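Not measured: the values here are computed from a predicted model.
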Amino acid sequence: MFLIFIALIIVFIIGYSISSFFLADKAKKIEILAMVFVVGLIAMGYFVLFAGIITGNFAAAVWIFMALGGIYCLYFGFKNFERFKNFIDFKRLNKSFLIGKLKEIPWPEVIFFLLFIIFFFDIFSKTIFYQDGMYKVAVAGYGDIPFHMAQVSYFIHNNPFALEEPIYSGTPLVYAFLINLLSGAFYILSGNYILSFNLPSYILLFAGFFFIYKFVSEFIKTALARILAFLIFFLGSGAEFIKVFKDSALWEKSSVGEMANHLLHLPYSVVNFYNAIYPAQNNIWSSFMTMFLMHQRSYFFGFAAGAMILYILALAVKNGNKKYFYFMGLLIGFLPLVHMHSFIAILIIAFGFYIWNKFFAKDGFLAKNLFNAIGIGAVIGTLISYFFIFDFSLGASFLVFRLGWMSEPGIGAVLYNPRGGSPAGAWISYLWENFGLFFPLLVAAIIYFSVRKNDFWRKKDFVFGLIFSAFFLFIVINIIKFQPWDYDNGKIFGYFFLLGSVIIVYFFEQWKFKLAKIIAIILTFFLISVGLIDAFSRSSYAKPPLYEIFGRKERNAAAWIVRNTFSGELILTGGSHLNLVNSLAGRPVLMGYPGWLWSHGIKYQGREKDISDMYSGGINAKELLEKYGVNYVFIGPSERAMPNINEQFFAENYPAVFEEGEIKIYLVSS
């Protein structure tokens, strides 16, 4: 724990040095202090990555970062000793001064945000935890957390250091892995898996919340409106509140407590319907918070960095400082390993602002500097993506043109052209089911701003840049599929939802008529009601079910693998997403869970058939084991569930080197 504390000090000072260099004295101290951990963690992640590539040893890379970072901190402290000594003017720290400062704090907002963050972390704390010798997760983490554990464990346990895809051996990583690399680095320093897994997430999510608030505050000036924008972005959801209000069982309850309990344990879903047929459209948007901030670990990093970049964009446009634009461009460039969808979204938003300022606002200074920032970000980001993420030999189906997000049939797809139905009607129904009042209010806001007088346009150019960028982002989402699973465009759509939330509440703030605030609160309630129900149903108040993913037997088997096998040795496993060889021992496997492989664009079908033939013990089983260089065969509960498993073949031909409960490991070749 002490070493992690030292590492965070190093991260803080590095982040502070970089942030203060670009922002100088233009930004407030609290803004720079919020940036330091995001910027510092990006710097740490890339340093450890490059040091690992150079040395071939991940642990050595972590210790080099600690050594050089420690030396830099000593230099920084010595150089700035006098400045730090005078940082606090103790002569001014009297009672009246402190009372004055306390009065300046916007307490209603502070209390709201603290309560919101406490509520969020109550939900998030169940994403993964260790209890009674077992790793457990809430339902949100059951599908994705084992994948991220596989990457974290891969960085921890594999030597020499490499960037191989742990769920598909022999191929490079095709996923933004920086947050998992950081968790691996923290484990090297602490030996505590859960602490290392969650620590970057907590830091980044807290920073993300702060920068969303700061970004919103650049446009919206009243406390109530800022709170409403915050709620709409994080909890804004669809029209399924109508189903809840029509639920007769709700209104038959005899007390408020019983009604609340019913809402926390609804016998039907208000957020997820897959493969629904028109006109009962598929519902895929619950809320930004519960869709992405529960288990999408790379999104934690992208969310914090993306929100910070948007805030820097607002400062850059406001202050006209070239350094801000260069800083923004560099941060965009390093986003691909942080979160690819955030990289795409921020580039599109920045390009939207460029188009607006170049062709509509006619602001040459902003257009030129935005172009420079976009150029810097695009060049660096493309190079990083080429060398560290994309593997074009896999034939991944990226950048596919199609009309309408989620328009293709399949899991999580809307059928826009149903028999006997109208495509336009299906699209409108889809938007209503998923986003409820959001789009009608957004359209009303855009119309309202568009008909204002010319002087309003001149004064609010940045607001119109925001509207144009949101519209531009929405169009791109609906004509390009960026990943084989079109559902994942929702990660880009989240940024559109942020811009739309700001525009809607800025619209609310313009209302000057009687009861305007009450109407705004009522509309916000309907916008977030489904998101609130969904969020509270995942919290401690609802006591949601928790799931064991790995118990003592799995941990014992993983410990044996780490102790008795080498990193280069290959272990044959089935395709279950609960794969201890991956998630706990960190060993690359021939083929992991097909759902992950498909969403990453990896064509796995040929290897999947060969794995089935190997487990069947057929006439070509030994030949295939030799072809792939399999050293061990793992057989557990999921492998025994395979339709053609022939365990007798392995028992007769290979020695069992590990056995505990239902788990057996056979040695094929050493």
Side-chain angles (χ1 to χ4, degrees), residues 3-4 6-7 44-69 135 146-197 199-200 297 337 387-389 391 550 554-573 579-592 628-634 657-658 665 667-670:
L3 289 174
I4 283 189
I6 297 299
M44 177 183 178
Y46 273 96
F47 182 95
V48 172
L49 170 63
F50 288 118
I53 292 171
I54 293 168
T55 63
N57 187 301
F58 181 69
V62 176
W63 293 116
I64 290 171
F65 170 79
M66 293 293 289
L68 295 182
Y135 288 108
F147 165 76
H148 292 287
M149 292 178 72
Q151 282 200 349
V152 174
S153 299
Y154 172 74
F155 289 122
I156 294 170
H157 295 300
N158 274 276
N159 191 23
F161 178 77
L163 295 175
E164 183 180 6
E165 181 60 76
I167 59 173
Y168 200 76
S169 64
T171 61
L173 280 168
V174 291
Y175 190 86
F177 55 80
L178 207 64
I179 190 171
N180 292 328
L181 182 142
L182 286 170
S183 287
F186 286 133
Y187 179 85
I188 297 297
L189 298 174
S190 69
N192 186 318
Y193 193 87
I194 292 294
L195 172 65
S196 304
F197 196 87
L199 182 62
R297 276 174 56 83
L337 295 189
F387 286 108
F388 293 105
I389 297 181
D391 181 11
F550 299 111
E554 287 79 12
R555 290 192 301 106
N556 290 341
W560 184 91
I561 291 169
V562 171
R563 289 195 307 268
N564 295 281
T565 69
F566 296 105
S567 298
E569 293 183 309
L570 186 62
I571 303 173
L572 180 68
T573 70
N579 188 329
L580 69 88
V581 175
N582 258 162
S583 298
L584 298 182
R587 295 289 189 260
V589 297
L590 200 56
M591 195 193 94
Y628 283 105
V630 173
N631 302 103
Y632 296 88
V633 173
F634 178 91
V657 291
F658 178 86
I665 301 176
L667 173 65
V668 176
S669 66
S670 59

Would you please test Tyr168 and Val174 for side-chain contact (heavy atoms from CB on, under 4.5 Å) and show each step?
CA-CA 10 Å; Tyr168 200 76; Val174 291; over 6 Å; no

I would like to know whether Asn631 and Thr565 meet side-chain contact (heavy atoms from CB on, under 4.5 Å); could you show each step before the answer?
CA-CA 9 Å; Asn631 302 103; Thr565 69; over 6 Å; no

Show your working on side-chain contact (heavy atoms from CB on, under 4.5 Å) between Leu580 and Thr573 and close with a plain yes or no.
CA-CA 10 Å; Leu580 69 88; Thr573 70; over 6 Å; no

Run the numbers on Ser153 and Tyr193 for side-chain hydrogen bond (donor to acceptor under 3.5 Å, both in side chains), then give the verdict.
CA-CA 9 Å; Ser153 299; Tyr193 193 87; 3.2 Å; yes

side-chain contact (heavy atoms from CB on, under 4.5 Å), that's the test. Do Asn582 and Tyr154 meet it? Break it down for me.
CA-CA 7 Å; Asn582 258 162; Tyr154 172 74; over 6 Å; no

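With sequence neighbours left out, the side chain to side chain donor-acceptor pair (under 3.5 Å) criterion links Ser196 to Ser190. In this structure, Ser583 has no side chain to side chain donor-acceptor pair (under 3.5 Å) partners at least two apart in sequence or on a different chain.
The aromatic rings of Phe161 and Phe155 lie parallel to each other, with less than 30° between the two planes, well short of the 60° mark.
Checked against the 6.0 Å centroid criterion, the rings of Phe658 and Tyr632 do not qualify as a close aromatic pair. For Phe388 and Phe50, the ring centers are positioned less than 6.0 Å apart.
No side-chain heavy atom of Ile561 sits less than 4.5 Å from a side-chain heavy atom of Leu584. Contact annotation: the side chain of Asn579 never approaches that of Phe634 to less than 4.5 Å [non-hydrogen atoms, C-beta and beyond]. Looking only at side-chain heavy atoms (C-beta outward), Phe186 and Leu195 stay at 4.5 Å or farther from each other. The shortest distance between side-chain heavy atoms of Met591 and Tyr628 does not fall below 4.5 Å. Using a 4.5 Å heavy-atom threshold, the side chains of Glu554 and Tyr135 count as separate. Taking 4.5 Å as the limit, some side-chain heavy atom of Pro166 sits within range of a side-chain heavy atom of Leu173. Glu164 has its side chain out of reach of Pro172: every pair of non-hydrogen atoms, C-beta onward, lies at least 4.5 Å apart.
Rounding to the nearest 0.5 angstrom, the gap separating the CG atom in Leu181 from the CD1 atom in Ile156 is 10.5 Å. Here the CD1-CG distance, from Ile179 to Leu199, works out to 10.0 Å after rounding to the nearest 0.5 Å. With rounding to the nearest 0.5 angstrom, the OH atom of Tyr175 is 4.0 Å from the NE2 atom of His148. In this structure, CD1 in Ile4 is found 9.0 Å from CE in Met66, a value given to the nearest 0.5 Å. Atom-to-atom distance recorded for Phe566:CZ and Asn158:CG is 13.0 Å, nearest 0.5 angstrom. Residue Leu3 holds its CG atom at 11.5 Å from CD1 of Ile188, rounded to the nearest 0.5 Å.
For the pairing with Trp560, the side chain to side chain contact (heavy atoms under 4.5 Å, CB included) check across Asn564, Asn556, Val562 returns one residue only, Asn564. Screening Ile571, Val633, Leu570 for a side chain to side chain contact (heavy atoms under 4.5 Å, CB included) with Val668, the sole residue that qualifies is Val633.
Figure legend: cation-pi geometry between Arg297 and Phe197, with NZ or CZ positioned under 6.0 Å from the six-membered ring centre and within 45° of its axis.
Taking both residues in full, the closest heavy atoms of Met44 and Ala185 are given as CE-CB, 4.0 Å, listed atom of the first, atom of the second, then distance. Listed here is the closest heavy atom pair of Ala61 and Thr55: N-OG1, 4.3 Å.
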